[in-house]
Amino acid sequence: MEIERWERSEEISDAEKKIIQEIWSRVYANCEDVGVSILIRFFVNFPSAKQYFSQFKHMEDPLEMERSLQLRKHARRVMGAINTVVENLNDSEKVSSVLALVGKAHALKHKVEPIYFKKLTGVLLEVIAEEYPNDFTPEAHGAWTKMKTLIYTHVTAAYKEVGWAQ
């Protein structure tokens, strides 16, 4: 697994946690729609990621993906996991525990390459910035960049812990 410059997460300040939680409360109010938008963009931009999803790996058309019940279900799961992290930003043990479970499941059960988490969190930021442009100030972008790194760092740490080998 490649070691990258941004694998070490920076501390998220209390002010940044508040920014993340405020924006997330608006995002999560439209949980399923935003989650579906994120996954569709992810699969369109990184079609190789679909190989891990037998239910919709054959789908090329974004409209077909949008109607997929399995994709919608997975979008709700992804958004739920992110919600748990956001709600518990002040509890680093809970954040570590949730993201470790996600990482271990994707490493051991689903055999997903860890780089896809970096790609997915990048898409997450893009979609949030586009959907909530008035909220996505430079300060918000900085806070969410730290959040993206936090997610990726903890998930990849779980991969290392279980001895992931590509």
Side-chain angles (χ1 to χ4, degrees), residues 1-39 41-43 46 49 52-53 71-132 135-166:
M1 186 165 45
E2 60 191 61
I3 301 299
E4 303 204 18
R5 173 179 61 76
W6 64 287
E7 274 192 21
R8 282 177 248 70
S9 63
E10 286 182 62
E11 190 70 33
I12 300 174
S13 72
D14 289 342
E16 290 168 327
K17 289 174 185 175
K18 189 172 193 271
I19 290 169
I20 291 167
Q21 290 169 332
E22 286 174 0
I23 293 172
W24 185 254
S25 69
R26 288 188 275 292
V27 171
Y28 200 65
N30 301 308
C31 166
E32 187 171 320
D33 290 338
V34 176
V36 167
S37 295
I38 290 166
L39 287 185
R41 167 104 38 109
F42 178 59
F43 291 135
F46 306 102
Y52 301 106
F53 297 92
L71 188 137
R72 288 189 163 278
K73 183 178 175 185
H74 194 68
R76 283 192 302 271
R77 249 189 266 128
V78 168
M79 297 296 279
I82 296 168
N83 187 59
T84 301
V85 170
V86 171
E87 284 181 345
N88 291 285
L89 279 175
N90 291 316
D91 182 348
S92 60
E93 286 186 27
K94 176 76 172 178
V95 168
S96 293
S97 150
V98 168
L99 293 173
L101 287 173
V102 169
K104 287 174 184 172
H106 284 79
L108 298 172
K109 183 177 178 191
H110 307 299
K111 311 273 191 250
V112 175
E113 292 177 53
I115 191 68
Y116 286 109
F117 282 94
K118 183 176 182 181
K119 293 174 180 182
L120 180 63
T121 55
V123 170
L124 169 73
L125 259 64
E126 285 174 17
V127 170
I128 292 173
E130 288 170 18
E131 300 271 333
Y132 303 89
D135 296 324
F136 219 74
T137 62
E139 294 79 21
H141 186 269
W144 275 95
T145 298
K146 288 182 180 181
M147 175 71 171
K148 171 179 91 163
T149 304
L150 173 95
I151 292 170
Y152 180 71
T153 302
H154 282 281
V155 168
T156 55
Y159 274 75
K160 291 171 189 162
E161 192 179 304
V162 299
W164 171 264
Q166 292 182 353

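Remember, predicted model here, so these are calculated numbers, not experimental data.
Put simply, CD on E32 and CE on M79 are 10.0 Å apart, with the number rounded to the nearest 0.5 Å. Rounded to the nearest 0.5 Å, atoms OG (S96) and CG (N88) are 11.0 Å apart. Note: I12 CD1 to L150 CG = 5.0 Å, rounded to the nearest 0.5 Å. Note: R76 CZ to L39 CG = 11.5 Å, rounded to the nearest 0.5 Å. The OH atom of Y159 sits 15.5 Å away from the NE2 atom of H154 when rounded to the nearest 0.5 Å. The structure places OG of S13 at 11.0 Å from CD of E139, a figure rounded to the nearest 0.5 Å.
Below 30°, between 30° and 60°, or above 60°: for W144 and W24 the angle between ring planes is between 30° and 60°, a tilted geometry.
Annotation for A81 and V98: closest pair O-CG1, 4.3 Å, computed over non-hydrogen atoms. Nearest approach of E16 to A143, heavy atoms of both residues: CB-CB, 3.7 Å. Annotation for F42 and K119: closest pair CE1-CB, 3.8 Å, computed over non-hydrogen atoms. Among all heavy-atom pairs drawn from N30 and Y132, the shortest one is ND2-OH, 3.1 Å. Taking every heavy atom of both residues into account, V155 and G103 meet most closely at CG1-CA, 3.8 Å. Closest heavy-atom contact between Y28 and G80: OH-CA, 3.9 Å.
Of the residues listed (I20, L99, V102, D91), the one engaging V85 in a side chain to side chain contact (heavy atoms under 4.5 Å, CB included) is L99, and it is the only one.
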I would like to know whether K148 and L124 meet side chain to side chain contact (heavy atoms under 4.5 Å, CB included); could you show each step before the answer?
CA-CA 8 Å; K148 171 179 91 163; L124 169 73; over 6 Å; no
Begin with the C-alpha distance, continue with both residues' side-chain angles, and end with the deciding distance and a verdict on salt bridge (Lys or Arg N to Asp or Glu O under 4.0 Å) for E22 and K18.
CA-CA 6 Å; E22 286 174 0; K18 189 172 193 271; 3.0 Å; yes
Please determine whether side chain to side chain contact (heavy atoms under 4.5 Å, CB included) holds for the pair M147 and T121, giving the CA-CA distance in whole Å, both sets of side-chain angles, and the decisive distance to 0.1 Å.
CA-CA 9 Å; M147 175 71 171; T121 55; over 6 Å; no
Using side chain to side chain contact (heavy atoms under 4.5 Å, CB included), reason through I38 and L120 one step at a time and then give a plain yes or no.
CA-CA 8 Å; I38 290 166; L120 180 63; 3.8 Å; yes
Check step by step if side chain to side chain contact (heavy atoms under 4.5 Å, CB included) holds for V95 and E87.
CA-CA 9 Å; V95 168; E87 284 181 345; over 6 Å; no
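Taking the six-membered ring for Trp, F117 and H106 have ring centres closer than 6.0 Å.
Counting only distance, with no hydrogens or angles, the side chain of Q21 and the backbone of V86 share a donor-acceptor pair below 3.5 Å.
Within the 4.5 Å cutoff, the side chain of E130 has no heavy atoms near those of the F136 side chain. Counting only heavy atoms from C-beta outward, the side chains of I19 and D135 never approach each other to under 4.5 Å.
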